[in-house]
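All residue numbers in this chain count up from 1 along the given sequence. All heavy atoms count here, side chains included; hydrogens, waters and symmetry mates do not. First listed ligand is number 1; within each ligand, the first listed atom is number 1. All values reported here derive from a predicted model rather than from experimental measurement.
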Amino acid sequence: MIDAHCHLDLYPDPVAVAREAVQKGVFVVSVTTTPAAWSGTKKLAAGHKSIVTALGMHPQLVATRAKDMEQFEGLVPKASWLGEVGLDGSPESRESLTEQADVFRRVLKASARAGGRVLSIHSRGAASAVVNELRAHPDAGTPVLHWFSGTLRELRDAIEVGCWFSVGKPMVCSKRGQALLEKVPKHRVLTETDGPFVQSNGQPDYPWDIQSTEHSLAECWKMEPDALRSLVHGNLQRLQSRG
Ligand code: MN
């Protein structure tokens with residue numbers, strides 16, 4: 001099982017969640033929201049090849065944490081994945097969009113300088129703007145749009161610019177998400193929980209809850225769950241080998 005976007009450091013007991021994810025055989029991309037959290041969060045992955053810690057600068061924190069970008073840039077050479085990074089154009093964050101775009105460009109440039117990284121990207125309310133930045137920075141690495149919620153047209157542009165997609169419960173369980181999934185290239189898909197932000201029945205989703213998303217996605221694509229799981233595993237291997 002693969003959880004390509006999970007905030008391990010934000011659960012009440014991150015050590016226990018990391019341990020259980022390893023025991024249950026879930027590969028986890030443990031994303032962070034500020035570079036200050038990276039080294040502490042990396043400790044959760046110590047000794048576990050199945051947890052990779054991504055270096056992040058969340059767009060919704062840019063308004064207060066943009067000063068952390070120097071630290072971010074210094075750490076990029078040591079990180080194999082970057083995330084959560086991106087742009088947020090929703091009403092609460094729209095005010096900082098100009099500053100967010102400056103920060104996102106610095107992220108993409110730093111990634112390109114390091115030879116390109118895999119990036120887990122937030123694009124809520126800003127899919128077109130994210131795609132435009134990616135188009136302007138073709139050497140930044142491989143973009144993975146997490147929880148894509150744009151239009152079909154934006155999806156088409158994202159595919160054209162080389163984006164991958166990490167798909168979670170909010171996407172597989174909504175009509176709108178399912179319509180997008182019909183057009184998403186199957187060879188560029190990973191699964192994600194976005195726990196603990198995404199919840200079921202008032203409880204945060206855990207990395208091993210990815211199983212229900214696998215089942216829904218398999219159903220949506222009329223595949224057997226086992227075939228879906230090996231498709232996503234193959235995708236991850238290909239993604240990791242391109243760096
Ligand atoms: Mn997230």
Is the F165 ring parallel, tilted or perpendicular to the F148 ring (thresholds 30°, 60°)?
perpendicular
Measure the acute angle between the ring planes of H7 and H5, then classify it against the limits of 30° and 60° as parallel, tilted or perpendicular.
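Ring orientation of H7 relative to H5: perpendicular.
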Would you find a donor on one side and an acceptor on the other, under 3.5 Å apart, between the side chain of D9 and the backbone of W38?
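Answer holds: no.
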Could you grab the distance from atom NE2 of H137 to atom CG of L119, nearest 0.5 Å is fine?
11.5 Å
Can you check the angle at the Mn ion (ligand 1) formed by OE1 of E84 and NE2 of H5? Round it to the nearest 10°.
80°
Would one find an N, O or S atom of H7, in either backbone or side chain, under 2.8 Å from the Mn ion (ligand 1)?
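Short answer: yes, at least one N, O or S atom is under the cut-off.
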Check all N, O or S atoms of D194 and name the one closest to the Mn ion (ligand 1).
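D194's closest N, O or S atom to the Mn ion (ligand 1) is named OD1.
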